[in-house]
Structures are given as C-alpha cells and as structure tokens.
Amino acid sequence: MRVAAMENWGLIICNQKHVVYNAEIYSVSERRQVTDLLSHEVAHQWFGNLVTMKWWNNLWLNEGFASMIGIKAADHSEGITVRMNEVSVDWNARVYRQDQTDRATPLTIPTGQIVDPERQFNLISYKKAAGLLRMIEFIVGEDIFRNGLRKYIKTHEYGNGDHEDLLRALSSVHDNSEARTHLSEQNFSLSNVVEKWIYQKGFPLVKVNKRGGEIDVWDVTQEHFQLYPSNSSLQWKIPLFARDRQTNTTTVQWLLEDSTVAIDLTDDLVLDREGRMYGRIQYDSWTYQRIIKALQEDHTVIPVSGRIRLLDDSFTFAEIGHLSYGDVFRLALYLRSEISYMPVLISGAHLEVFQSRFVTHPQNRVLQDYIQYLFIPLFHKFLAEPMSQDNVPIFQDNLREHVFMRVCLTGYKPCIDYTQKLFEKTRQQCNDAPLSSINCNVIPQFLRMPVYASAVLYGGDEAFEFLYRKWRAETYQMERDRIWSGMAASRKKEHIHRLFEDVLFEFGRREDFRHRCTDHGKFYPKENHFRSFVYENSERIAERFTRNDLILGYILVCFSRTIYEKDDLDLYQQVERRLKNASTRGIPESVSFIPKFIQALKFREHYEGMIFGNLTEVLNEGRMVNSGNDTKLERAYFESAVTTTEVNQVEEILENLVIDLSLINPKSSPFSSHPMMNDSINP
C-alpha cells in the first residue's frame, strides 16, 4: 500500500507495520503509532462513513474530526492527555508552514467554486481542521461540544452534512444550555466566530507588547501572518486564553477585528500557555528577554504546549527578520534541560532547515557544534538512566532516539563509541538470525536506527554490507525500515545508488519511495549521491514510471532538495525536463521550485553572516559556563566504558558508568549577568 491505511466501511485496510503489532519487534512509540492510526481510521466510521460530507469542499469535516477524535480516543485508551495537549500543538506548527504561504487555501471553499478533490487531501484539511475543532471545544466546553456532535451525527446519520449543519447543531446545544461558556454575554455567535476561520485562508499573528510605564499591562493586537509581505487585511475573532490569578482556571478575552486588548502576563509569562489558539504569537524585545531568562532558570514555568509554540514561533520570526537570531539561539539553549519530546522535535525541525541550507557552507561545523552542545547533557542523562522497554513513558523513547541521532551524527565521540559497541555485539550474535530477533539483537528498539546509522557512517563497508544483507532477508516491515534508514547514512556513492536501485527498480511497489527519500535526506550529506543517482538514471526513471505523475512528482521534489548551489540548477532543469516529458499532465511540484530556490539563496546570502556570527557568540557564552561540566561528562564516560575491550551485555556499559548527575542539569545560567536580564529595566 502507498498509504498507511484506508477506512472502508466494514473493511479497514492497513499497511503491515501499522496493524501487525509484535511486542518483541516494536518500540513503545511504534506501538503508539499503531494505536494512533487505528484510532483515526475507526473515528472515520462516524466521521466520513456514518455521516459523509456533502461535497469535497467540506472534506475537513471527515479528516479534521477523524484526526481530533482519533487522538482523543488514543489518549483515553492509555489514560493520558499528552496527544491532545502536546501533539495537537505540534500539528498546528506543522500546518502553519503551509498555511502561511501563497499555497494556503481556506478550509471551506464557497459552494459553486471549482474544487479539485485531490488537492483537498492536505495538511489544511487534516491538521488545521483538527486544530480549529480543538479550539472550538475549548470555547464552548467539552460537554457542549460532545453533545453538539451527537446531535449532528444523529440528525445526519446514513446521509450527508456540511459545516453549516455542524454549526447549527453546536449552536443549538450551546444556546439551550445553562452552562456558562466563553461565548456567554458576547454580542456575537459561535457561527460568527467559526465562519471567519473556515472561509479565510491563513491565520492571525497576535502581537503582544509591554505597555510603557505600566508594570503589569501588555497590549494585544492582530494582523494576518504571512511568511512574505502582503497587503492582506484579513482579521479574525480570536479567543485569548489566559489564567485567572485567584482560581487558576482558564479565562478568555476576545480580540475582535481592528481592536486592542489589554492583558496581564505577570504570572503567565506567555499568552495562551496551553497552546489552545490557532495562530502565532509575537512579543516585544523586553518580554522575549524576560522569557529567555525564565526558561534558563526553570523551563517548567511554561507548560510543554507553550514551549512548543514559543520555539516554533521564535525560529519563524527570525527567518523573516522579526526577531534576532541571537535571541532564538539563546532561547533554545534551555533545551539542555528539556526532558519533553515535542519541544525538542519542533526545534530539531527548524535546525534541519539550517542544515539543509548550509550543508556546503564552510562554517557548517559551527552549526553542528551548536546542535551537539544542546544535547550532550541529555545523552549522558540517558546513559546514566537506562529505560526498560516494558515501562516507557510516552514519547521518551522518541526523545532518546532523537538525542542519539543528533549527538552521534555530529561526531560526539562517546556516542560513536557507545553505538559502535552495541552494533558490534549485535553483529556477532545476529550473524545467522534476523535483526528483528530480540534473542540476538541487544540494541533497544528505539535506538536501532541511530545505532545502525552511526555504524554505517563511522564503521565503513563491513557494517553496510552486514545491514544490507539483513535488510533483504528481513520479513518485518518495521525492522526493514530501521535498517534502511541506517544504511541511508552512508557517504559512499555505490551504497546509495544500490539502495535506490532496489527501491525504484527491483522491489517496486513493496517500497514506499516517499519515506525512503525522507530517510536519506535527513542526513544532509555534502556530496548528495541521491542527486547523482537520479541524474544518471533519469531516462530509466522516466521510462519506468511513464504516466505515473505521482511518483515522478515525488522523485522531482526529492531531487530538488539536493540542489544546494546556483550552479546545480542546470542539473535540476535537465532532470525536470526528462521527467515532465514522461508525465501525463506535467508535474505541478516543478512549477514553484526555481523561484523558491532563488528565494532560499537570497536568504542564505543575506543571513549567513548573522546566523553564524550569532551561533558562535551564543555557543561561546554557553561554553564559558558549561564546558567544564561537558568535559567531565565525556571523561567519565571514557574512564568507565571505553576500557572494556568487549561488551558482553548492554547493561555492562550502563552498570560501569559513573556519572555525576549534578553535572547534567546545571542551575547556573550564562545570561545571569546579561544586561537585558535585569528585571529592574523598564520596557
């Protein structure tokens, strides 16, 4: 299957790895992926099957509800709320990247306008819809929202509904309820609020500025946020979520069109600390410095959801010149103490953008050192606190995988040493058995991909050939994916060419090219051998996939991501021409690449000096305080672990490690004496 699953009524079908769960093969996070996907497809039995949208312009009713109700159900099955509280904020951050560009479309296209069904299956219909539905639930309350959905489904079961039917049901329940909601005593209705969000494309930028001369007042205004300047005057009715000081309950102030609202952020530090509003929030410089200082002293003063948004917004604002890169890099330094996965994940996504843009830059090592510096404390914390596969808190296995990937692939010696030993022991024991066997594979499931990648990157041909042999023989798709991802870290042309020869020509439909392309791309090699493979085989690819516009489009998009310099554009245009000639309707993805590439080049030329100058300055500031601790952690590792010539069990490494945990989360801040950190400064 080229999709993960399909919600046919009475026959849900899934890709093998998303339905055949084996506790010996899957990590806990992979088990939760199965839960999430099945919850989404089961939710479709109500939203999509029992009640179907009237026309394609309301596809978001199917996909948005399935996404939202799916993670609600998955949370309920495990007795947690992490998905609704954190994953949904991460979803918003991901969809903003599409919703803030000229590719943005409204959730609902007015009746009578032409709708291309294929183009409706996008992040807007899935994740933006889920984010707005979650916001609506917080506005009217969980009970009213649930009862409104029941009314909508009961009224339209075995039939069709649209957004007007949904709003009619929700409004009816809301207006007839005695419960007090965030719409009570307002002179506008739920429909007045929601219609702006679904008919207008994009989302608001909420600007929060400290009022001069007043201790506890911030002024809040709004405008249409777009990545590049425009004359848009779109506005929304925006719920501003805050905390009541006395009761600690959630309050809402409404920011209406062309208005200003005064709020008090003395206690909360940030607006909408739980991430309930769909939109970005920008603060004035004084408030940013206040937030940076607070995070360095104790990052838990802002909830995880608020930290996710803060990081995503800050990196985005720096990209368009609304915030100093120095402030962003200082803000992110608190990640040395972060133990929640989603803030690390969202920061990693932005750092990957830098890696892709500056992969050939002569100062790229500074970026690698900064990334390594962020995660060294977590790496040693995880070595000192091994985690049983039987008792993994949600997303903690993802966090460990992410940290090991970042630290190992940036060349941190203790990480390379540790992973090489795990791999060598596994290689010896699994010579005649599949890597999916827990009887021979001593690498925890959640660390296998970074361990395999480290082995290939630093271990040479022997490690690659071992993994390649195991990949071809492996029967479990989940383990096959881990192995392939690890092999994709190779810097050798013959290795990468062989992998994509198998994916595109030998195995064909068995392999999901999109995922393979992504797996290889995340290693950001300076000399990209996927590019040379496509260029050298473009005529074969065109012949093999003639009239298959979908695959040709994927290949061209992936190829475009390997174009780093202006001199590479000729290669791109040659490949584009060959693939377009093999397509039936052309390749829409090719239309916008060159303008975007030129835009990225301009960004790099304009910001590269500023970015690397700020990175160097912030890294030096941090090292002045923490380099001694990091050196002690590294020395402690080698004194306890590297002296063992052969590791008989994984636990042997862990038991021999003597780590001073007080070094891992130092309380001192490199910014305690920074002039902008002085609370006595007036805004």
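Ring geometry, Tyr607 versus Tyr325: the interplanar angle exceeds 60°, so the pair is classed perpendicular (tilted spans 30 to 60°). Ring-plane geometry between His361 and Phe612 is classed as parallel, the angle between the planes falling under 30 degrees on a 0 to 90 degree scale with a further cut at 60.
Using a cut-off of 4.0 Å between Lys/Arg side-chain N and Asp/Glu carboxylate O, Asp284 and Lys210 are scored as not salt-bridged. Comment: Glu565 engages Arg604 in a salt bridge, judged by a side-chain N to carboxylate O separation of less than 4.0 angstrom. Note on Arg168 versus Asp165: salt bridge recorded, some NZ/NE/NH1/NH2 to OD/OE distance being below 4.0 Å.
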Exercise. After noting the C-alpha distance and the side-chain angles of Asn58 and His163, does the key distance pass the side-chain hydrogen bond (donor to acceptor under 3.5 Å, both in side chains) rule?
Worked result: CA-CA 7 Å; Asn58 273 302; His163 66 278; 3.1 Å; yes

For this session: Carefully, step by step, assess Lys72 and Glu137 under the rule salt bridge (charged side-chain N to carboxylate O under 4.0 Å, His left out).
Result: CA-CA 12 Å; Lys72 266 183 171 286; Glu137 181 182 33; 3.0 Å; yes

Problem set entry | Test side chain to side chain contact (heavy atoms under 4.5 Å, CB included) applied to Phe65 and Leu61, step by step | CA-CA 6 Å; Phe65 270 117; Leu61 291 177; 4.2 Å; yes

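Formation of a donor-acceptor pair under 3.5 Å by the His156 side chain with backbone atoms of Gly159 is not found in this model. With Gln98 contributing its side chain and Ala104 its backbone, the two residues share no donor-acceptor pair below 3.5 Å.
Looking at residues two or more places apart in sequence or on another chain, you find a side chain to side chain donor-acceptor pair (under 3.5 Å) between Arg243 and Asn248, Asp268. Here Ser232 pairs with His224 under the side chain to side chain donor-acceptor pair (under 3.5 Å) rule; sequence neighbours left out. In this structure, Asp216 has no salt bridge (Lys or Arg N to Asp or Glu O under 4.0 Å) partners at least two apart in sequence or on a different chain. Thr249 pairs by the side chain to side chain donor-acceptor pair (under 3.5 Å) definition with Thr247, not counting sequence neighbours. Residues forming a ring-ring contact (aromatic ring centres under 6.0 Å, His included) with Tyr278 (at least two apart in sequence, or on another chain): Tyr96, Phe203.
A pairwise comparison of heavy atoms in Trp60 and Leu133 identifies CZ3-CD2, 4.1 Å as the closest pair.
A 6.0 Å sphere centred on CH2 of Trp46 holds no more than 12 heavy atoms belonging to other residues, nucleotides or ligands.
Listed by first then second residue, pairs satisfying salt bridge (charged side-chain N to carboxylate O under 4.0 Å, His left out) with a partner in residues 191-206 read Lys196-Glu257, not counting sequence neighbours.
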